[in-house]
*Asks:* 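Just passing along the structure, written as structure tokens.
One is the number of the first residue; the rest follow in order along the sequence.
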Amino acid sequence: QVKLAESGGGLVQAGGSLRLSCAASEGTFSNYGVGWFRQRLGQARDFVAGINWSGDSTGYAASVKGRFTVSRDNSENVVYLQMNYLEPEDTAVYYCARRRGSGEYSYNLYNYENESWGQGTQVTVSV
């Protein structure tokens, strides 16, 4: 079992950058895919980015491709989400989760372990 914790959120002006971190407070995820998701107020939780266990395969939602970069450091047991050129539409709570039983990421949040979701980190982008 693994429990993840997100950090690095905050308030930033449009066009700015933030780097989010996803660390394991319990267990490890070095052999698993990891996904980043976000949830805007009153909306469903949507896929943002994913990375496979080794870091050599990544995927992004169309709305963030070219602006966000996901990476990982398995020696430190952490996954990052570098967010550049932030837009007000990026305002949301951001979550990470460990893929269930696979080293690959998935675009479907139901393929991630329920127990691994953290509390999320708030990202607010002002105009």
Side-chain angles (χ1 to χ4, degrees):
Q1 185 173 340
V2 68
K3 190 67 176 178
L4 305 180
E6 305 87 349
S7 62
L11 173 64
V12 64
Q13 286 189 323
S17 298
L18 284 173
R19 188 177 78 159
L20 306 184
S21 297
C22 170
S25 58
E26 298 176 17
T28 181
F29 51 31
S30 58
N31 295 323
Y32 296 87
V34 172
W36 281 100
F37 292 77
R38 66 185 180 189
Q39 189 165 16
R40 299 184 181 94
L41 192 63
Q43 297 188 26
R45 194 169 296 190
D46 295 325
F47 175 84
V48 174
I51 188 167
N52 75 333
W53 71 276
S54 64
D56 62 3
S57 177
T58 58
Y60 299 91
S63 59
V64 308
K65 198 168 187 177
R67 299 188 298 122
F68 291 11
T69 302
V70 59
S71 62
R72 68 190 302 161
D73 183 343
N74 285 340
S75 66
E76 297 291 332
N77 219 19
V78 64
V79 173
Y80 300 104
L81 184 66
Q82 177 67 42
M83 306 187 298
N84 299 327
Y85 305 106
L86 283 160
E87 303 168 354
E89 293 73 23
D90 295 317
T91 295
V93 179
Y94 285 71
Y95 301 88
C96 62
R98 188 176 82 172
R99 175 75 194 275
R100 182 181 303 111
S102 174
E104 303 303 316
Y105 64 89
S106 171
Y107 292 87
N108 187 339
L109 81 164
Y110 295 107
N111 287 331
Y112 292 83
E113 297 179 19
N114 290 336
E115 300 80 10
S116 70
W117 295 93
Q119 294 298 308
T121 186
Q122 175 71 48
V123 172
T124 303
V125 184
S126 64
V127 298

*Asks:* Does a donor on one side chain sit under 3.5 Å from an acceptor on the other, for D56 and S54?
*Replies:* yes
*Asks:* I need the Y80 OH to R19 CZ distance, nearest 0.5 Å.
*Replies:* 4.5 Å
*Asks:* In Å, rounded to the nearest 0.5 Å, how long is the span from OG of S25 to CG of L4?
*Replies:* 7.0 Å
*Asks:* If I compare all heavy atoms of V34 with all of C96, which pair ends up nearest, and what's the gap?
*Replies:* CG1-CB, 4.4 Å
*Asks:* Hey, could you give me each pair passing salt bridge (Lys or Arg N to Asp or Glu O under 4.0 Å) that has a residue in residues 26-53? Not counting sequence neighbours.
*Replies:* R38-D90
*Asks:* Indicate the atoms forming the closest heavy-atom contact of V70 with G50, along with that distance.
*Replies:* CG1-O, 3.5 Å
*Asks:* Quick check: closest heavy atoms across V125 and T91, and the distance to 0.1 Å?
*Replies:* N-OG1, 2.9 Å
*Asks:* Counting heavy atoms not belonging to Q122, are there more than 12 under 6.0 Å from its CD?
*Replies:* yes
*Asks:* Would R98 and F29 count as a cation-pi pair here, with the cationic atom under 6.0 angstrom from the ring centre and within 45° of the axis?
*Replies:* no
*Asks:* So which heavy atom on L81 is nearest to which on A49, and how close?
*Replies:* CD1-CB, 4.0 Å
*Asks:* Show the nearest heavy-atom pair for residues R72 and S30, with the distance to one decimal.
*Replies:* NH2-CA, 3.8 Å
*Asks:* Using a 4.5 Å cut-off on heavy atoms from C-beta on, say whether the side chain of L20 contacts that of E6.
*Replies:* no
*Asks:* Under a 4.5 Å cut-off applied to non-hydrogen side-chain atoms, are R99 and W53 in contact?
*Replies:* no
*Asks:* Residues sharing Y107's hydrophobic cluster, by side-chain heavy-atom contacts under 4.5 Å among ILVMFWY, directly or via others?
*Replies:* F37, F47, V93, Y95, Y105, L109, Y110, Y112, W117
*Asks:* Can you tell me if N52 uses its side chain to pair, donor with acceptor, with the backbone of G55 under 3.5 Å?
*Replies:* yes
*Asks:* Should the heavy atoms of other residues, nucleotides or ligands under 6.0 Å from CD of Q13 be counted, would the total exceed 12?
*Replies:* no
*Asks:* Quick one: pull up OG1 in T124 and CG in L11 and give me the separation to the nearest 0.5 Å.
*Replies:* 6.0 Å
